[in-house]
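Both backbone and side-chain heavy atoms feed into the values below; hydrogens, waters and symmetry mates do not. For ligands, and for the atoms within them, numbers begin at 1 and follow the listed sequence. The structure displayed is predicted, hence computed values, not measured ones.
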Amino acid sequence: MIDKSLFRFPGFRWAMGMLAMLSLVQGASIVAQAYGLTRALVEIWQRHALSSLPLPVAIFAVAFACRQLCEVGKQRVATSYAGGVVSELRPQAQRKIFRLGPAALAKRGTGASVTMLIDGLDQTKTYIQTVLPKMMDMSFIPVIVLVAVWSQSWLSGLVLLLMMPLLFFFMAILGIAARDKSDKQYAEFRELNNTFVDTILGLPTLKMLGVDKEYERTVASASDRFRKRTNSVLRVAMTSTFALDFFTTLAIAIMAVALGNGLINGTVALFPALLSLILAPEYFLPIRQFGDDYHATLNGKNALQDINGLLDTPESEPDDELDWRGWGSDSTLSVRGLDFAYDAEDGNEAHSDTAAANQSDDAHPALRDLSFTLHGFEKVAIIGRSGAGKSTLIDLLAGFNIPQSGAVELDGQQLTQFNAPAWQRHISYIPQTPYIFSGSIASNIRFYNQSASDSDVRAAAEQAGLGDWLGTLPDGLDTLIGEGNRGISGGQAQRIALARVIADHSRSILLFDEPTAHLDIETEYDLKQTLLPLMESHLVIFATHRLHWLANVDKVLVLDGGRITEAGMPGELIGRGGPLSELIGELGGNRIEGYFNE
Ligand SMILES: Nc1ncnc2c1ncn2[C@@H]1O[C@H](COP(=O)(O)OP(=O)(O)OP(=O)(O)O)[C@@H](O)[C@H]1O
């Protein structure tokens, strides 16, 4: 019932200790409260003097107050512990998502990941703060009440004792059914979130293609499936509440009949009979409350397991040992026999420690036996058909994809992968759609170099060709862009990404993944004029379909099916009839000679 992962959080023992103590005090208060009430009722029934009432009434009042204070105390302890757990989990989950990188995020789904980090953590908090006090109540209060009832009427005690296993039996049966339904409901919830977020992100395209209504129906049908799942969980929840209420009422009724008979026959006195009857509902109350809340908290338990699943996703430790000052004109990177496969099982990169497992049928080899050497400020194009492995290679060089095998040597030092912070600190990455966050243009340009001065930012913006556009904006560099702010064009986004690289003077490795794929020819040409001088003092690795870039690079790696089929200087390879020439023919690059003559 309690997720075992909670044991490892600091403060768990303290919280459980406090909750146990408060439950014990509350159990004693419940008995004292019932005692005061019963004593007062019996005094009135037996028409004793009024002076006999103040003591039992005072006992009742003090016990009642103590019971309520214990309740408040338990809530505070549980809420503070739950808050502590969630505030520890939140940054851990965020950091993990960052470390796992784009492949893991793509597999999990953006919608589900966002929901997990916001709603999932809130549900986890509700689960912890509800389930812990209820567990403690269930462990202690029925025992205290049972002892009190047994001491007054063994027969009543026996009825209560016998009824408990029956209740647990029904709870377990319905709990298993609820668990199964709740798991399915949670899976549906994740699917709904992903469908919804994907549809929202793709809305401009969907509208343009006139298929937005169709997707509206897809979202509607996903939410309808979720509604049905929720209803089926609620049905089980109601059935279990009904079963618990039915059996507890039955037990109390049996007790009442037995005690009533005893009273009529004179075999039972009024005080023990009344005390047992008043205490009987208190005996069942903790288990009924646990049953009521159990279904409501299942989502929280699922969310916690989801978060734990994310945190337990294997990742290779970053190579903190690498002592490397950065890329220079004499630097060399040598890669030998590198293999990488996407793992279908969890969608994350297959990791070196599970290398053998990755050769299973589930693994999708995306890069095979890659060997190449990069030197100084070379410009290297990675060319290949769609799906050849270009982006996978760029992600691997950025340290997101971890190779299963192969050797990497960087300036004489051995590496097994590229997620070494010393390497990553020197990389700038420009994808097809650069990441523009919500904030001013200036803060977006300071992405790599937070301490860039205003004049540096302005100069970088000018150099990246943003000057004319900024001149038309009333707030210039302070204009807010990104989510919820002013929209910008694909070309402007690429220029901001370039300005980031210009404003930073410490990163000398540029990774480009089709940076101009979405741009029209004129914008691409403009951007190219800005890019070319920037490329001079950098090692540039450039994945592209656009063949005109071949005229500006020193080396080309031709990828096909994850293998390098040809490598060398473009001028030497073109026209040789090899894989590059074949590809140029396929991509309609007959004018390639023209580019070289430009
Ligand atoms: N997250 C993933 N999980 C499983 N397989 C993947 C994943 N990402 C890519 N692949 C597969 O790996 C192979 C290489 O994909 P990659 O995106 O690197 O190709 P690409 O050359 O960049 O293609 P494009 O030019 O279309 O962008 C493809 O077969 C693709 O289906």
Side-chain angles (χ1 to χ4, degrees), residues 96-113 194 198 205 310 313-316 335 338-351 354-355 357-370 372 380-406 417-419 429-434 490 494 510-519 524 540-550 553 556-567 579-580 582-584 586-589:
K96 185 80 182 189
I97 285 183
F98 275 101
R99 282 204 304 272
L100 287 176
L105 189 64
K107 179 72 186 177
R108 180 169 275 273
T110 313
S113 301
N194 280 334
D198 281 354
T205 317
L310 171 80
T313 308
E315 60 175 298
S316 56
V335 169
L338 221 93
D339 290 310
F340 171 78
Y342 287 101
D343 182 10
E345 191 69 352
D346 62 9
N348 297 314
E349 310 85 55
H351 301 279
T354 54
N358 291 323
Q359 304 312 320
S360 71
D361 293 346
D362 282 344
H364 299 301
L367 297 176
R368 302 165 213 230
D369 197 21
L370 288 198
F372 56 87
V380 184
I382 303 172
I383 303 270
R385 295 178 183 86
S386 182
K390 302 183 292 295
S391 301
T392 306
L393 176 55
I394 294 285
D395 282 351
L396 187 129
L397 290 168
F400 295 138
N401 291 341
I402 309 298
Q404 279 84 59
S405 53
Q417 57 215 22
F418 289 94
N419 67 352
Y429 172 57
I430 304 192
Q432 286 180 18
T433 316
Q494 292 295 3
L510 284 178
L511 298 183
F512 290 111
D513 190 0
E514 309 266 14
T516 54
H518 292 322
L519 306 181
E524 183 179 16
V540 183
I541 303 164
F542 201 126
T544 185
H545 274 112
R546 304 277 174 110
L547 296 173
H548 60 84
W549 286 102
L550 288 180
V553 297
V556 57
L557 302 180
V558 183
L559 273 185
D560 191 10
R563 291 182 196 279
I564 295 180
T565 50
E566 199 172 33
L580 182 60
E582 203 181 302
L583 200 63
I584 289 171
E586 265 178 44
L587 294 176

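- The two residues F372 and L397 have their closest heavy-atom pair at CZ-CD2, 4.5 Å.
- At a 4.0 Å heavy-atom cut-off, ligand 1 touches H545 through the side chain alone.
- Contact of the D369 side chain with the D339 side chain is registered, since non-hydrogen atoms from C-beta on lie closer than 4.5 Å.
- Of all the atoms in ligand 1, the ones that sit under 4.0 Å from a non-hydrogen atom of R385 are 21 (O).
- For A388, the closest heavy-atom approach to ligand 1 falls below 4.0 Å.
- Summarising the contacts of atom 27 (O) of ligand 1 with G562, S391, G561, the nearest heavy atom is found in S391.
- When every heavy atom of V556 is checked against every heavy atom of L580, the shortest pair comes out as CG1-CD2, 3.9 Å.
- Using bins of under 30°, 30° to 60° and over 60° for the plane-to-plane angle, the ring pair W549/F542 lands in the tilted bin.
- Taking both residues in full, the closest heavy atoms of T392 and N401 are given as O-ND2, 3.2 Å, listed atom of the first, atom of the second, then distance.
- Closest heavy-atom approach to atom 20 (P) of ligand 1 within the set A366, A543, G387: this belongs to G387.
- Interface of T392 with ligand 1, defined as ligand atoms under 4.0 Å from a residue heavy atom, comprises 14 (C), 15 (O), 16 (P), 18 (O).
- Any N or O atom pair closer than 3.5 Å counts here, and S386 shares at least one such pair with ligand 1.
- Within the 3.5 Å criterion, the main-chain N or O of T313 finds a donor-acceptor partner in the side chain of K96.
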